[in-house]
Amino acid sequence: MLCQHCKKNPAAVNYVEKVNGNKFEYHLCAFCYADLYGELNSKVNNNVWAGLFSQPSPRKKVCPVCRTTFADFERSGLLGCTSCYDVFKEELIPSVLRIHGKVEHIGKVGKNMDEHGLHRRLKSLQEQLENALRVKDFKEADRLNRQINAIKKTLHGGGNG
């Protein structure tokens, strides 16, 4: 069953109550429940409800540039500006890791021969060289070393490769 409020996430809190012969049902996801917690608590006016389903209060961090809160991000999945990435960095890292598997942007792979691409390629080759030397594969290490030197020559004004 989907959340009655956002109609996007699965309902995590399902509550049914009869008041004066009228049946009230609430089916909310965790995010909407956290946002509406005070509102539902006052409607139901039941401290047992608050004790059974108490959630940590929503994070209070606010971006000083665009005034986006982390709760806004959790609800919409969108950040307000580039400063939000710095403000909410600690909260965003687990999500980015879960989605992408890593937090370091590597860009497109392939024939990326701009300076940034060459630096990434150089780093990768150096890691491969270390591994080759660790397993004593000197033929592979020699090949990698020649590629590293060619990239260094290109980066440091040596020409086309």
Side-chain angles (χ1 to χ4, degrees), residues 1-14 26-38 40 50-161:
M1 175 178 282
L2 288 179
C3 173
Q4 290 175 315
H5 189 260
C6 69
K7 296 177 179 42
K8 294 179 183 176
N9 300 316
V13 176
N14 299 306
Y26 300 103
H27 306 282
L28 301 171
C29 67
F31 300 118
C32 292
Y33 173 74
D35 287 342
L36 300 172
Y37 179 80
L40 285 177
L52 288 175
F53 299 105
S54 64
Q55 298 268 337
S57 62
R59 294 181 179 100
K60 300 292 183 190
K61 281 188 180 179
V62 177
C63 176
V65 177
C66 67
R67 308 302 299 160
T68 298
T69 65
F70 191 74
D72 294 337
F73 165 74
E74 288 179 319
R75 193 173 28 261
S76 69
L78 302 172
L79 294 172
C81 69
T82 56
S83 296
C84 291
Y85 289 95
D86 293 326
V87 174
F88 304 121
K89 181 179 181 178
E90 294 171 8
E91 291 86 354
L92 292 172
I93 286 177
S95 297
V96 172
L97 270 172
R98 188 181 72 249
I99 294 167
H100 296 289
K102 52 188 153 195
V103 292
E104 182 180 326
H105 177 69
I106 57 171
K108 293 181 180 178
V109 178
K111 298 180 181 178
N112 190 358
M113 296 307 283
D114 64 342
E115 187 172 339
H116 186 67
L118 288 173
H119 281 288
R120 282 196 315 262
R121 178 79 177 131
L122 181 63
K123 182 180 177 184
S124 173
L125 288 171
Q126 287 171 334
E127 290 171 359
Q128 291 175 35
L129 176 63
E130 288 176 18
N131 288 335
L133 290 173
R134 198 172 297 122
V135 297
K136 299 185 188 309
D137 185 354
F138 299 114
K139 186 175 180 180
E140 177 68 6
D142 182 52
R143 186 187 68 77
L144 293 167
N145 196 35
R146 280 186 264 118
Q147 288 182 1
I148 288 169
N149 288 334
I151 291 174
K152 283 182 179 179
K153 187 176 179 184
T154 302
L155 286 172
H156 301 295
N160 295 338

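Remember, predicted model here, so these are calculated numbers, not experimental data. Start at 1 with the first residue, then count along the sequence.
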Name all residues meeting the side chain to side chain donor-acceptor pair (under 3.5 Å) criterion together with E130; count only those two or more places apart in sequence or in a different chain, and write none if there are none. none
Can you list everything that forms a side chain to side chain donor-acceptor pair (under 3.5 Å) with N131? Sequence neighbours excluded, please. R134
Would you please name every residue forming a salt bridge (charged side-chain N to carboxylate O under 4.0 Å, His left out) with K123, sequence neighbours left out? E104
Taking all heavy atoms of C6 and all of C3, pick out the closest pair and write down the distance. N-SG, 3.5 Å
Can you tell me how far the CD1 atom of I151 sits from the NZ atom of K153, to the nearest 0.5 Å? 13.5 Å
Least distance between heavy atoms, C66 atom then T68 atom: SG-OG1, 3.0 Å
Measuring from atom CD of Q126 to atom NZ of K152, what distance do you get when rounded to the nearest 0.5 angstrom? 5.5 Å
Atom pairs and distances, side-chain donor-acceptor, residues 79-88, under 3.5 Å, sequence neighbours left out:
none

Contacts of type salt bridge (charged side-chain N to carboxylate O under 4.0 Å, His left out), residue D142, not counting sequence neighbours: R146
Salt bridge (charged side-chain N to carboxylate O under 4.0 Å, His left out) partners of E127, counting only residues at least two apart: none
If the condition is side-chain contact (heavy atoms from CB on, under 4.5 Å), which residues does N145 pass it with, not counting sequence neighbours? L129, N149
Gap between atom OG1 of T69 and atom CG of D72 - 0.5 Å precision: 3.0 Å
According to side chain to side chain donor-acceptor pair (under 3.5 Å), who are the partners of R98, at least two apart in sequence or on a separate chain? none
Residues two or more places apart in sequence or in another chain: which of them pass side chain to side chain donor-acceptor pair (under 3.5 Å) with E140? R143
For the atom pair CG (L155) and CD1 (I148), what is the distance rounded to the nearest 0.5 Å? 12.0 Å
Spatial distance of atom CZ (R121) from atom CD (Q147) [nearest 0.5 Å]: 5.5 Å
Decide yes or no for V62 and F70: does some side-chain heavy atom of the first lie under 4.5 Å from some side-chain heavy atom of the second? no
How would you list all residue pairs meeting salt bridge (charged side-chain N to carboxylate O under 4.0 Å, His left out) that involve residues 1-14, not counting sequence neighbours? none
